[in-house]
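Take a look at the structure below.
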Amino acid sequence: MCALATVTNADSDMDVREGKRIYTQCTGCHSPDYNRTGPKHCGILGRAAGGVKNFEYTKAMSNSGIIWTSATLNQFLLSPFNTVPGTSMGFSGIASERERQQLIAYLSQLDERNALCN
Amino acid sequence: MSNEKKQPILLDRRSFLGNTGKIVLSGTAIALMSGMSSAGAMSTDSSDSQEQDVRILNTAIGAEHEAVAAYQLGAESGLLSKGVLNVALQFQGHHKEHIELLASTVGKLGGTAIDAKSYYDFPVHKLKREKDVLTFAAGLERGAISAYAGAIPLFDNSDLAKAAASILADEAMHWAILRQALGLDPVPGAFFS
């Protein structure tokens with residue numbers, strides 16, 4: 001569990017804010033705190049893909065063997081369909097590395113310390 | 001400059017509703033789809049890419065079902081005034097038509113369209129006034145527009161992309177109307193992301 005990148009520097013607040021804005025591209029299907037068309041995102045960092053209870057994933061996702069870290073999220077969000085062929089997440093991906101990093105900064109703070117996630 | 005100043009929630013009824021309550025998408029959408037001459041038959045796609053299209057369409061159907069359920073919740077909340085209620089039901093009707101179109105397309109591609117969930121985990125406790133319901137609906141419409149924008153590049157079949165764009169346009173109109181009703185700038189920018 002120690003390899004997770006945690007966001008600690010001063011730029012991070014800005015990244016989280018920008019990431020929250022970018023997250024509006026996800027809110028057609030996801031909310032941080034409850035399952036919708038897509039699974040909730042609270043607690044995503046460090047979780048195994050397909051790991052939210054009561055959400056019906058595709059086999060492709062459940063069997064992907066992915067653990068969600070900054071690196072795997074970065075790859076998945078660049079191209080969900082190439083990273084997990086057979087996924088039902090109908091989203092083409094985010095081409096900008098910077099935007100992906102900002103989004104990941106936002107996703108990473110959706111943990112138990114975040115009021116949204118309690 | 002006062003933020004306190006109450007924004008009118010509604011435009012006058014005529015401009016809000018337009019002059020007819022009629023649903024206009026279906027004709028266009030059906031024309032689009034009939035132009036497809038049966039996606040399955042004409043497609044030269046590999047079955048893999050058709051399966052991919054079916055998965056994308058089914059995810060969109062899931063999101064449309066959520067929208068239908070959300071408008072139902074709004075309609076039954078007792079929080080909507082008559083004019084707003086009519087608009088909500090009209091928009092709900094559009095979402096139902098989107099489902100019909102998407103589901104028939106899934107069928108043509110040899111797939112099975114997913115059904116609505118039996119339960120949606122909506123933030124009901126946050127809906128206390130008409131404005132809250134409109135804000136909730138606007139959020140869903142906004143999300144749906146983004147979702148279609150993110151899905152369109154994935155379609156292997158450009159007819160599907162075209163149909164999805166037609167749905168996106170309809171939902172963008174919903175979003176603008178809901179924002180207008182909330183006293184927000186209905187069209188906040190030249191681009192949408």
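Sequence lines set the chain letters: A, B, ... in the order given, protein chains first and strands last, and positions in each chain run from 1.
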Relative to chain A, which of B/His65, B/Glu51, B/Glu141, B/Arg142 shows the most heavy atom pairs under 4.5 Å?
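Top option by heavy-atom pairs under 4.5 Å: B/Arg142.
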Using a cut-off of under 4.5 Å on heavy-atom pairs, state which of B/Ala147, B/Pro153, B/Gly150, B/Ser146 scores highest against chain A.
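Looking at each option in turn, the highest pair count goes to B/Gly150.
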Identify whether [X] and [Y] are in the same connected component of the hydrophobic contact network (ILVMFWY, side-chain heavy atoms under 4.5 Å).
| X | Y | result |
| --- | --- | --- |
| B/Met173 | B/Phe91 | no |
| A/Leu78 | A/Phe76 | no |
| B/Val187 | B/Tyr148 | no |

Could you state the interatomic distance from CG (B/Leu57) to OG (A/Ser88), rounded to the nearest 0.5 Å?
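Between B/Leu57 CG and A/Ser88 OG, I get 12.5 Å after rounding to 0.5 Å.
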Please state whether the side chain, the backbone, both or neither of B/Ala63 comes within less than 4.5 Å of a heavy atom of chain A.
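For B/Ala63, heavy atoms of backbone and side chain both lie under 4.5 Å from chain A.
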Highest number of heavy-atom pairs under 4.5 Å with chain B: which of A/Ile22, A/Thr24, A/Thr58?
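The option with the most such pairs is A/Thr24.
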Shorter than 4.5 Å, heavy atoms on both sides: which option in A/Gly28, A/Cys26, A/Pro85 has the most such pairs with chain B?
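Counting heavy-atom pairs under 4.5 Å, the top option is A/Gly28.
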At under 4.5 Å between heavy atoms, what parts of residues 29-41 of chain A are in contact with chain B? List them by residue number.
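A/Cys29, A/Tyr34, A/Asn35, A/Arg36, A/Thr37, listed by number.
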Proximity of residues 118-127 of chain B to chain A, residues having a non-hydrogen atom under 4.5 angstrom
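Interface residues of residues 118-127 of chain B: B/Asp121, B/Pro123.
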With no hydrogens and no angle check, is any side-chain donor or acceptor of B/Arg55 less than 3.5 Å from a backbone partner on A/Thr87?
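It does hold such a pair.
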What part of A/Phe91 is in contact with chain B, defined as an atom under 4.5 angstrom from a non-hydrogen atom: side chain, backbone, both or neither?
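Interface part for A/Phe91: both.
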Counting only heavy atoms from other residues, nucleotides and ligands, does the tally under 6.0 Å from NZ of B/Lys117 exceed 12?
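It does: B/Lys117 NZ has more than 12 such atoms within range.
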